[in-house]
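Chain identifiers are assigned alphabetically (A, B, ...) following the order of the sequence lines, protein sequences preceding nucleic acid strands; residue numbering begins at 1 within each chain.
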Number of protein chains: 2
Amino acid sequence: MSTPRSTDARTNTRADVAQKILDQATRLFAAHGFDAVSLADISGRVGIRKPSLLYHFRSKDTLRQAVLEELLAHWNDVLPKLLMAATTGTGQFDAVLAKTVAFFADDRDRARLILRELLDRPTEIQPLIEAHVRPWVTIVADYIRRGQEAGRLRFEVDPLSYVAHVTILVIASLATFDAVAALAPSTETRKQLLERHTQELLRIAKTSLFRPRPGASREPSSIQPPE
Amino acid sequence: MSTPRSTDARTNTRADVAQKILDQATRLFAAHGFDAVSLADISGRVGIRKPSLLYHFRSKDTLRQAVLEELLAHWNDVLPKLLMAATTGTGQFDAVLAKTVAFFADDRDRARLILRELLDRPTEIQPLIEAHVRPWVTIVADYIRRGQEAGRLRFEVDPLSYVAHVTILVIASLATFDAVAALAPSTETRKQLLERHTQELLRIAKTSLFRPRPGASREPSSIQPPE
DNA sequence: CCTACCGATCGGTAGG
DNA sequence: CCTACCGATCGGTAGG
């Protein structure tokens with residue numbers, strides 16, 4: 001009874017308790033914020049005692065950093081695909097934008113965690129911004145500048161500022177969706193509402209970036225080169 | 001020495017200590033969040049002891065509500081002007097948008113406080129949204145629908161979703177400005193950067209709402225009626 | 001508006 | 001992974 005089976009039913013005991021701790025910490029930090037969540041809250045949901053949690057993570061701040069690192073690790077998973085889509089040339093801006101939205105829509109806790117860090121630790125997280133956001137922003141901003149020179153993109157766009165705004169819009173809209181959804185008519189399911197809301201976000205981002213094709217206001221199928 | 005002068009130097013003692021408490025609580029709640037700020041933090045900045053603070057506000061939660069009510073009172077000050085600008089007819093959308101941005105840019109703590117409430121208490125603040133945001137959103141959404149019928153505004157715009165996104169964008173961009181500003185080149189002053197950033201926000205909002213005037217891409221001065 | 005004080009809870013440690 | 005326990009700090013009260 002006390003001897004663990006080789007790799008079976010109770011194999012999950014050694015180091016993936018740490019994963020359960022990370023999961024619950026992520027949920028609770030995202031929902032209530034770092035300071036409002038106690039270690040007892042987290043350990044309670046995992047089913048262990050507080051000192052046991054501190055065996056896996058030596059302090060509450062260590063746990064916060066681990067939660068953030070897991071988030072950034074996932075981000076680094078999709079980043080290469082994003083960058084490739086951006087550099088592969090014309091019309092791929094849609095793919096970059098859609099993939100970025102998908103990353104945060106996939107798990108809105110990601111949006112909430114980042115927004116909270118932006119609010120709570122504006123200066124402390126700048127190394128993380130520098131490492132994980134800067135390269136992406138730079139590449140997209142360069143893409144925009146080339147698109148402007150080629151005449152595909154609106155010349156009035158402020159590339160860096162535009163990227164910052166769209167990024168914040170994606171994150172904040174998904175992070176606050178629960179609160180904002182109350183304004184919508186209740187005939188829709190939440191999933192439908194989120195889908196419609198996301199579509200409008202993409203429309204705003206694209207319409208304010210691409211130059212209008214002449215006479216394309218009514219017939220989206222008539223593709224013509226600019227000028 | 002102990003008798004207070006009629007209405008002079010020390011007149012400010014009775015009930016405007018409460019105002020100093022409100023001011024400091026607003027600053028600290030906006031910067032660090034409700035749970036991360038202790039009553040001792042606040043009273044310390046005011047220059048009184050914690051029990052003295054609790055004489056003016058019977059509990060920490062009462063103080064939180066008072067901070068929020070002061071913010072909403074200021075909002076109610078500008079709301080009538082906003083609504084008037086929206087209903088007065090053509091082309092006044094700019095005024096509504098600019099006034100809304102000005103409200104939050106004027107004191108970015110307002111943006112931070114609201115964003116925190118949206119994150120921390122998504123369900124609890126819905127009565128406040130219903131009372132203070134719903135009427136404004138409804139009127140602007142109606143304005144958009146009329147503009148669409150008149151052919152001035154893009155027919156693809158989802159009115160309610162558009163208003164929600166632009167509102168969130170205004171609030172979140174100003175709330176997180178400190179953290180995002182680090183991405184910008186450092187040759188600019190912060191004020192210049194904020195100005196440029198705000199201009200791009202307005203451009204995004206307007207470009208994605210108004211229908212393009214034929215041939216207006218290069219000459220912004222040639223105003224023509226749609227179709 | 002103060003001093004003195006309360007029980008509860010916090011993050012974290014000892015020691016096994 | 002646990003029980004037992006620590007000092008510090010929390011929001012709030014008593015009583016003046």
Side-chain angles (χ1 to χ4, degrees), chain A residues 1-5 9-68 116-117 120-121 124, chain B residues 1-5 9-68 116-117 120-121 124:
Chain A
M1 285 285 265
S2 60
T3 54
R5 313 297 181 85
R10 288 194 42 140
T11 303
N12 47 347
T13 320
R14 276 297 165 263
D16 72 350
V17 173
Q19 188 58 50
K20 287 177 75 175
I21 294 173
L22 265 181
D23 291 346
Q24 295 303 322
T26 298
R27 277 193 57 209
L28 291 170
F29 288 164
H32 310 290
F34 182 72
D35 289 290
V37 175
S38 73
L39 295 181
D41 290 336
I42 301 167
S43 65
R45 290 200 178 243
V46 176
I48 60 178
R49 304 283 175 180
K50 188 176 58 170
S52 308
L53 186 157
L54 286 163
Y55 165 77
H56 291 279
F57 299 90
R58 71 174 64 253
S59 75
K60 193 186 182 184
D61 203 73
T62 302
L63 182 53
R64 199 199 88 242
Q65 289 176 35
V67 166
L68 230 67
R116 286 188 183 281
E117 287 293 313
D120 293 345
R121 277 168 281 275
E124 291 90 329
Chain B
M1 283 288 259
S2 61
T3 54
R5 310 297 181 85
R10 290 195 42 142
T11 302
N12 46 348
T13 319
R14 278 296 166 265
D16 71 350
V17 173
Q19 188 58 51
K20 287 176 76 174
I21 295 172
L22 264 181
D23 291 346
Q24 295 302 325
T26 299
R27 277 192 56 209
L28 292 170
F29 288 164
H32 310 290
F34 182 72
D35 289 289
V37 175
S38 73
L39 294 181
D41 290 336
I42 301 167
S43 65
R45 292 202 177 241
V46 175
I48 60 178
R49 305 283 176 181
K50 188 176 58 171
S52 308
L53 187 156
L54 286 164
Y55 165 77
H56 291 280
F57 300 90
R58 70 175 65 253
S59 75
K60 194 186 182 185
D61 203 73
T62 302
L63 181 54
R64 199 198 89 244
Q65 289 176 36
V67 166
L68 231 66
R116 285 188 184 281
E117 287 292 315
D120 294 346
R121 276 168 282 276
E124 291 90 328

Checklist line | First encountered from the 5' end of DNA chain C, between B:Tyr55 and A:Ser59 | finding: B:Tyr55
Notebook entry, point to check: Quick one: B:Leu54 CG to C:dC5 C1', roughly how many Å, whole number?
Noted result: 14 Å
Check: Do the side chains of B:Leu39 and B:Phe57 get nearer than 4.5 Å, heavy atoms only?
Finding: no
Notebook entry, point to check: Are any of the side-chain heavy atoms of A:Gln65 and A:Thr62 separated by less than 4.5 Å?
Noted result: no
Checklist line | OG on B:Ser38 to CG on A:Asp35, rounded to 0.5 Å | finding: 11.0 Å
Checklist line | Interatomic distance, B:Leu53 CG vs C:dC1 C1' [rounded to whole Å] | finding: 12 Å
Check: Which residues within residues 22-52 of chain B lie with some heavy atom under 4.0 Å of an atom in DNA chain C?
Finding: B:Ile48, B:Arg49, B:Pro51, B:Ser52
Margin query: Within the 4.5 Å heavy-atom criterion, are A:Leu53 and A:Ile42 side-chain neighbours or not?
Written below: yes
Next item on the list: Starting at atom CG of A:Leu63, determine the distance to atom C1' of C:dG12, rounded to an integer number of angstrom.
Entry: 14 Å
Next item on the list: Measure the CG-CZ distance between A:Asp23 and A:Arg45 for me, rounded to the nearest 0.5 Å.
Entry: 12.5 Å
Note to self: Does anything in residues 48-61 of chain B form a salt bridge (Lys or Arg N to Asp or Glu O under 4.0 Å)? List the pairs, not counting sequence neighbours.
What the structure shows: B:Asp61-B:Arg64
Next item on the list: Write down the distance between CD1 (B:Ile21) and P (C:dC1), rounded to a whole number of angstrom.
Entry: 7 Å
Next item on the list: Examine distances only and state if a side-chain atom of B:Arg121 and a backbone atom of B:Arg116 form a donor-acceptor pair shorter than 3.5 Å.
Entry: no
Next item on the list: Please map the stems of DNA chain D, keeping only stretches of three or more Watson-Crick or G-U wobble pairs with both distances under 3.5 angstrom.
Entry: C:1-16 with D:1-16
Margin query: Under a 4.0 Å threshold between the charged nitrogen and the carboxylate oxygen, would A:Arg27 count as salt-bridged to A:Asp41?
Written below: no
